[in-house]
Each structure stands twice: as structure tokens, then as C-alpha cells.
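In what follows, a single structure is set out as C-alpha cells and then discussed.
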Amino acid sequence: MVPRLKTEAIHEWFGRLPGSIGIGNVRYTTSGKCDDVSIIQGTQPVVASIDGIKLALSFNGNIVNTLPLKKEITENFSDFLYSCDSDIVCHKMLLALKQGQDLTSAARTVMESLDGAFSVTGITGNGDFFAFKDPHGIKPLCAGHDPDTKTFAFSSETVSLDMNGFVRDFELKPGELVTVSQEGFKRIQVIKNYREAFCAFEYAYFARPDSRFDGKYVYEMREDFGRNIVKEFPELVKDSDIIMSVPETGDDSAMGVHEESGLRWERASRRHRYVTERAFILLNMERYSTIDKKINILGPKVAGKRVIVTEDSVVRGDTTKVIIEKMRRAGAKKVYLFVTFPRIIGPCFYGIDMSSYGQLVGAKHNPEEIAKIIGADAVCYQSLEGLIHATGQTEDQLCLACVTGKYPTPCAQKMADAMKKRFLEGYEEKGRIYESEEVQP
Ligand code: SF4
């Protein structure tokens, strides 16, 4: 009964909201402090005003050059309170509007001033509803409409359009601004950038399997990832009895491994239905206990077996370590870890919270060493070429920075290089690289 009451309360609350446009974003913190108060203060949309000009803005991504911009914004807004980079995006655009720029010019100013990933939706005080993407198009953002009610929407993923009965119209292009009126969408290419850089990690981990990019479902790509690894490691496939996935992001690649190898996919790992946190987003202790509660191993299915385990990625390695420990306790004879995302060797500056070298097991260790650390008999990463091919993109349309060390934006590249040098010399990082004073370009 409790969920029903909650649903009614939400509907009642929505019914009280005036107006016909709404924006918001569910974000996990990759900028600013992580305590409860800061997270609530950073809730989107950010709403700000100056000299009668109002702006509400929400965004998906992460800004790299926050520190110099914070200084500029503070000089222009006496009451500016910084909680995280969302405040910077909103105030930078508001400042441009205050200086008399129209919406297109203000979007251009934001695109030219910010280094990072930003897929933005916003509403001005005049009721202009708009969305735009950074010039590299790092984070997804698509547009759709409901033909019956003539309602227009933007969403990071197509799945939310599907679930609300909307037709997907298009994915915004990098550097594109889209405005909405009763006639529909108006698309303006504000900046043309020849180096696109869509986050490749979306395909392997972040996006929902039932979302589509360029007409292809994410689950289809993940199945292809599984097929690729089978072709890349035939000897280990021959030496295996069954497949098991790390649910749920490893499920679709397990299907691909099953179809390509003919091995049985055993549902030997079960996910606790009510533990919903994404493990690598959590803080250390929380993470360990969440993984422990979240994944259960069905002992009889793995006892005495040589098992291929499909996993989307290895970031810190602790998720997989806990699972493999449980498998060993249940009697698994061999554990071969098939990882669909290539080895992560560098931090992300664009909205995935793996923001220092020290937290990445792949930054310090090769696959053999990683296998020892997590207790596997082998760790087999899908090749970069296999991943790129399965996405249907080319290498210069994707961001692969955390795998290759080549960052699509200049500030991120400079900071990553500066911190990597220190890291290799034994320096201990303190928090996120892009928030560190020491490596600001
Ligand atoms: S660095 Fe990695 S996780 Fe971050 S945007 Fe690029 S591909 Fe995605």
C-alpha cells in the first residue's frame, strides 16, 4: 500500500505545479561535495536571475574548467553560492543573456567557454524552452514528441520517450541548439566540431539496454561485445563449462558469449531486487557492503565448474573481487572474467565518477596482475577495435579517453597528463583531478 500512497502524493504534487514546461535531471555527484546537504543544494534544475532575467537549467555531464569560471562568476554575481558545476553552467549562460546576447549567442558562449561534457535543457523567464549539447557531444540527448497531445520532450535516453509513449525524433548533434515552440523543434547548428566524442562507456555500462543510439539498441551492442570476446579468447572458451553474468550489465554480453560459444548460460548469480545502488558510484565501505548484499551466487550451479563470468567493466576491481570470492567459496574450479569495456587506465573528466588514477586498478596493473588481485584465473578484455566496430561508430566519433589516455578537450588532457606524471612518481592524489588546484592549466 505504501507505494500507492506515494504515487498518489506525487500525482497530487505534479497537479499543483503551474505552467506547461518542466525540466530536471537525476544526477550522481561528480562535482562539489558529496555530503547530504551539498547533494540537496545541487539538486537540478538550477534557477538563477539577474536584473529581471531568469534562467532555469539542468545538465548531464561534468565541467572540467570549473575553478577559473567560478572566479569569473563570483565577480559578476555578488550572491553567487557555489555547490557544484551545474551552478557554473547556469550562471555562465545567464551572464551572456544579461550582456544582451540572444539565446543562440548565449549557447555559443557557453559552448566556447566550458571544457567538458554538457547536455543541457533549460527554460528562460520568457518561457523559451531549449536544449543543447557540448561541441563534442560527449553525453547523449535526444528529442521526441507525443503526436496526440503535441507535447515535446528531451531525454538522455530513448527509453524514457518510449515509456511515456513519445516518438523519438532525433539525437541532438554535437554543438547543436534546439528550441521548442508549438510548431515543434527548431534546430540550429551553433558550433561545428569535426572531432565528435560520444562516451563509449555509455554502450558498455551506463545506458539502459533498452535505449537506442543511431537506431541500434544498447543490448544488441552488448551481445556483440560478448561475441567478440569469444572470438578473441578461443582457448579459454574451450577450457570452460558454463557462462555466468554479473547482473545486470553483464547479462546481454553473456547472451552473446552463449550464442557464439554454444556454452550454457547459467543464471548462477542473482541480484537482490531491492538493492538498487550502482556499486561503483558508492563510497568505499558502502560499496563493499552493497555488493555483498546485492549479488548472491547459486552454489550448486558453479561448484566444480570452470566458469566464464561476463562483466561490463573493471574500475576499482572490488565488485568483481567480492563476486569471485563468493564463487570460490561455492566451489567454482576456474573463473575467467570476460570484460566488455577495455582496460580503464585513466580517469574520466566528463561525468563518470572515476576521477583519479589511484582508484583505477587498471592504471597500475596489467590484466595478469589484475587477475591475481581479484582472484580470477584470467581477465580478458574486449579489444578496442571490437568495441568500436560493435558500436557502429568510428574511433574519432567516440570518447575513449579513459582507455587510451587521449582526451577530446584540452583542459582535461592537460590535467590528466600533469597528474599522471605525478602519479607515476608516487604522488598520492587528493580527490578528483579536475578539482585539484595543483594541476589547473
Ligand atoms: S573518459 Fe571514458 S567514461 Fe569518461 S566520457 Fe570518455 S569514454 Fe566515457
Side-chain angles (χ1 to χ4, degrees), residues 27-31 59-66 85 114-120 133-141 156-157 171-172 174 193 195-208 211 213 218 221-222 225 249 278-281 311-317 319 339-363 381-417 419-420 423 429 432-435 439:
R27 183 190 187 191
Y28 78 99
T29 318
T30 58
S31 172
F59 98 114
N60 176 24
N62 192 68
I63 305 306
V64 183
N65 58 338
T66 308
D85 56 358
L114 303 186
D115 186 294
F118 41 100
S119 283
V120 174
K133 247 191 197 183
D134 67 77
H136 293 89
I138 296 172
K139 287 284 161 193
L141 186 61
S156 293
E157 294 187 31
E171 178 74 23
L172 269 74
N193 191 331
R195 173 65 171 98
E196 296 180 14
F198 184 79
C199 170
F201 201 42
E202 290 275 346
Y203 301 121
Y205 170 75
F206 218 69
R208 273 189 42 165
S211 279
F213 293 116
V218 170
M221 297 181 208
R222 290 181 186 166
F225 295 165
T249 41
R278 289 183 176 202
F280 93 74
I281 290 168
E311 171 68 298
D312 57 82
S313 57
V314 177
V315 178
R316 299 170 179 89
T319 312
V339 190
T340 56
F341 199 63
R343 180 158 63 108
I344 295 171
I345 58 160
C348 176
F349 288 75
Y350 305 122
I352 305 286
D353 204 7
M354 41 186 200
S355 45
S356 63
Y357 286 98
Q359 69 192 130
L360 305 171
V361 71
Y381 290 98
Q382 181 184 198
S383 66
L384 193 56
E385 298 71 32
L387 175 105
I388 294 168
H389 187 257
T391 65
Q393 306 293 316
T394 59
E395 190 167 352
D396 58 8
Q397 288 176 306
L398 294 173
C399 175
L400 292 156
C402 52
V403 171
T404 61
K406 292 180 201 154
Y407 291 81
T409 63
C411 279
Q413 186 71 63
K414 280 185 195 145
M415 287 188 207
D417 290 346
M419 190 55 91
K420 188 172 182 184
F423 174 72
E429 297 151 294
R432 302 177 183 122
I433 295 175
Y434 42 86
E435 290 178 339
V439 291

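First listed ligand is number 1; within each ligand, the first listed atom is number 1.
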What are the atoms of ligand 1, with element, lying closer than 4.0 Å to any heavy atom of [X]?
X: Ile352; value: 3 (S)
X: Tyr350; value: 5 (S)
X: Ala200; value: 7 (S)

For [atom], what is the closest protein heavy atom, and at what distance to 0.1 Å?
atom: atom 1 (S) of ligand 1; result: Cys402 N, 3.5 Å
atom: atom 6 (Fe) of ligand 1; result: Cys399 SG, 2.3 Å
atom: atom 4 (Fe) of ligand 1; result: Cys348 SG, 2.3 Å

Problem - Any donor-acceptor pair under 3.5 Å from Asp396 side chain to Arg195 backbone - result: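 Checked: no pair found.
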Problem - Asn60 versus Ser156, closest heavy-atom pair with distance - result: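 Where Asn60 meets Ser156 most closely, the heavy atoms are ND2-OG, 3.5 Å.
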Practice task
First locate atom CE of Met354, then atom SG of Cys402, and finally report the distance between them rounded to the nearest 0.5 Å.
Solution key: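 So the gap between those two atoms works out to 4.0 Å.
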Handout entry: Spacing of CZ belonging to Phe59 relative to CG belonging to Leu141, to within rounding of 0.5 Å
Key =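 Reported to 0.5 Å precision, the distance equals 12.5 Å.
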Practice task
Pick, from Ala204, Gly61, Gly116, Cys199, the option with the minimum heavy-atom distance to atom 8 (Fe) of ligand 1.
Solution key: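 Comparing heavy atoms across Ala204, Gly61, Gly116, Cys199, the nearest one to atom 8 (Fe) of ligand 1 lies in Cys199.
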Practice task
Assess Lys133 against Phe198: is NZ or CZ under 6.0 Å from the centre of the six-membered ring, and within 45 degrees of the ring's axis?
Solution key: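 Negative - Lys133 is either too far from the ring of Phe198 or too far off its axis.
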Practice task
Consider only side-chain N and O atoms of Thr66 and Asp85, and report whether a donor and an acceptor are under 3.5 Å apart.
Solution key: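 Asp85 and Thr66 do not have a side-chain donor-acceptor pair below 3.5 Å.
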